[in-house]
Amino acid sequence: MSKIKSQVLKDIRDNGIKPTSKFYFVTRNYFFRLLFIVSVVVGAISFAAILQEMIIGSQFYKGTNLFEAPTLFVQSIPFFWLLLLAIFTGSAWFNYKRTDEGERRDNGMIVLASILFSLLFGLLIFRIGLSEDLDIMMKTHLPAYRLTAEQRLERSANYLERKDLNEQAKKALLQRERLRTLCLNYGHQNCFGNNSNSSAEVKENLE
Amino acid sequence: MFVDNDTSDHELIIGALEDVDNFGHIIDRYEKPLDRYIRSISGARPEDREDLLQDIFLSVYQNLRSYKPTMKFSSWIYRIAHNKTISWWRKHKKELTDISVDEHIDFVATLFNENNIQQDLDRGHVAEGTKYALENIKEQYRQMLILGFWEEKSYKEIAEIMGSSVGTVGTRMKRAKKQFISKFNDYEQN
């Protein structure tokens with residue numbers, strides 16, 4: 001008997017090592033599959049939120065020229081949701097790789113597939129309007145999130161105010177006022193940094 | 001349990017799950033091939049290889065019920081050995097030290113023939129040239145060349161061991177061969 005064989009068999013007997021039950025492996029497999037699905041869904045929500053924010057931000061750059069549009073486009077990207085999409089794509093890869101099927105798939109294909117699924121479901125969420133509801137809900141209940149959204153809009157608005165204020169920019173500022181009004185209607189005091197009086201003034205000046 | 005060369009891996013697994021002593025037959029069958037493989041990809045010293053092999057076979061025993069016949073048992077056991085050896089090697093980063101000259105001649109000659117390269121292979125230089133080339137190509141490529149040429153695994157088996165698709169193995173194998181030849185020629189010129 002070889003030294004390794006005798007040592008291994010001795011270790012198994014002395015330490016009472018037994019083969020792990022099949023139930024554990026089956027459960028583990030389903031667990032990681034579930035985590036993969038959850039990661040893809042969160043990725044989809046992130047993508048829908050990105051689309052929603054980009055649509056709001058796009059009001060600023062629709063009427064702008066080629067030099068202004070890229071700056072405004074970059075300013076309107078919600079990096080929080082982009083980061084979340086990246087994190088949950090990584091999570092989807094990690095979880096799928098630990099399933100029986102995932103063991104035999106290329107890393108690149110898994111990442112690509114999870115991004116595609118997230119994008120497709122995200123588009124669906126956006127089309128049925130859930131992303132707008134989520135956007136309003138987060139802006140009214142999460143002050144930090146509201147602040148970053150407002151800062152994004154402010155940056156775009158300030159950028160355009162340094163140029164000639166065009167019709168699209170005016171529309172975007174009105175959009176901001178609409179959101180501020182909605183926020184106030186939910187009973188919050190400090191919506192988009194100001195009270196309702198100045199909202200009315202801004203609206204009047206713009207119109 | 002009576003075991004001979006015709007006993008299938010599946011029968012050995014069933015026997016091992018019924019009685020731990022039967023697991024010894026699996027060790028008998030795979031100890032030498034795995035030892036050779038560990039030595040090839042890590043250059044580990046004999047005492048380190050012993051520790052690794054013990055760790056590998058304990059892991060094989062504990063995970064025996066996770067094995068599914070969709071994969072060859074030899075691929076499955078090699079996969080465990082591969083992952084544990086790579087983890088160990090990354091911590092220790094030993095130099096490759098124990099490579100047989102005869103294996104080099106066949107391996108290098110086959111590679112050069114496949115790529116229509118005519119070269120007089122000086123036996124004395126082949127060992128050093130191969131060691132230099134294997135140390136200086138990507139880790140993944142080294143593993144593929146060893147699995148394909150020394151362990152004589154098919155692309156499907158390599159894919160199962162390394163956790164990728166057959167197509168990817170084919171592409172990487174081409175790159176591995178190219179890189180090996182390039183590094184080998186660098187050594188020859190210097």
Side-chain angles (χ1 to χ4, degrees), chain A residues 1-37 39-40 88-118, chain B residues 13-14 16-32 34-35 38 46-47 49-71 75-76 79-80 83 140 156-172:
Chain A
M1 190 187 278
S2 80
K3 186 180 165 194
I4 288 170
K5 178 176 165 180
S6 63
Q7 189 59 46
V8 168
L9 293 176
K10 184 176 181 299
D11 280 346
I12 290 172
R13 283 194 204 96
D14 290 352
N15 298 316
I17 297 171
K18 292 197 185 315
T20 308
S21 75
K22 198 168 176 112
F23 175 74
Y24 165 80
F25 294 111
V26 170
T27 310
R28 186 176 175 270
N29 202 37
Y30 278 111
F31 175 71
F32 281 114
R33 273 190 202 155
L34 181 66
L35 286 182
F36 168 72
I37 291 168
S39 302
V40 166
F88 277 88
T89 300
S91 166
W93 165 81
F94 178 87
N95 290 310
Y96 190 71
K97 203 67 186 164
R98 274 144 187 80
T99 61
D100 289 345
E101 310 81 35
E103 271 180 352
R104 293 190 282 276
R105 298 271 186 264
D106 289 326
N107 293 329
M109 290 305 293
I110 296 172
V111 168
L112 195 64
S114 67
I115 289 173
L116 274 171
F117 281 131
S118 290
Chain B
I13 294 167
I14 292 174
L17 288 170
E18 285 171 0
D19 183 349
V20 67
D21 286 331
N22 292 331
F23 184 65
H25 299 303
I26 292 180
I27 299 175
D28 288 335
R29 185 169 283 190
Y30 286 99
E31 183 183 334
K32 281 200 174 66
L34 290 184
D35 182 56
I38 293 167
E47 51 269 31
R49 294 203 306 269
E50 265 182 32
D51 292 338
L52 259 173
L53 275 170
Q54 281 174 29
D55 194 23
I56 288 164
F57 281 119
L58 281 172
S59 187
V60 166
Y61 185 70
Q62 282 177 304
N63 290 286
L64 217 45
R65 289 191 203 279
S66 76
Y67 168 70
K68 286 184 181 170
T70 47
M71 189 192 285
S75 301
W76 183 80
R79 187 180 166 82
I80 293 175
N83 289 339
Q140 202 176 51
K156 185 170 184 283
E157 286 169 307
I158 296 173
E160 286 169 347
I161 291 166
M162 296 186 76
S164 58
S165 65
V166 173
T168 301
V169 167
T171 307
R172 286 181 187 162

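Predicted, not measured: the structure shown is a model, and the values here were computed from it. Values below: all heavy atoms of this structure, side chains included; hydrogens, waters and symmetry mates excluded. Quick note on labels: first sequence line is chain A, next is B, and so on, each numbered from 1.
- Distance CG/B:Leu64 to CZ/B:Phe23: 6.5 Å, rounded to 0.5 Å.
- Only the backbone of A:Lys18 comes within contact range of chain B, with heavy atoms under 4.5 Å apart.
- At a 4.5 Å heavy-atom cutoff, the contact between B:Met71 and chain A is made by side-chain atoms alone.
- Among B:Arg79, B:Lys68, B:Glu160, the residue making the largest number of heavy-atom pairs under 4.5 Å with chain A is B:Arg79.
- Contacts between residues 21-29 of chain A and chain B, defined by a heavy-atom separation under 4.5 Å, are made by A:Ser21, A:Lys22, A:Phe25.
- Checked by atom type, the side-chain pair B:Thr168/B:Thr171 shows no donor-acceptor distance below 3.5 Å.
- If you measure heavy-atom distances from B:Glu31 to chain A, the contacts under 4.5 Å come from the side chain alone.
- Judged by a 6.0 Å distance limit and a 45° cone about the ring axis, A:Arg33 is not positioned over the six-membered ring of A:Phe36.
- The OG atom of A:Ser2 lies 10.5 Å from the CD atom of A:Gln7; values are rounded to the nearest 0.5 Å.
- Side-chain contact between B:Ser66 and A:Thr20 is absent, with no heavy atoms from C-beta onward closer than 4.5 Å.
- Annotation for B:Ala159 and B:Val166: closest pair CB-N, 3.9 Å, computed over non-hydrogen atoms.
- A cation-pi arrangement, defined by a distance under 6.0 Å to the six-membered ring centre and an angle within 45 degrees of its axis, is present between A:Arg98 and A:Phe94.
- Using a 4.5 Å cut-off between heavy atoms, B:Ile26 makes no contact with chain A at all.
- Scored by the side chain to side chain contact (heavy atoms under 4.5 Å, CB included) test, A:Asn15 finds A:Asp11, A:Ile17 as partners (sequence neighbours excluded).
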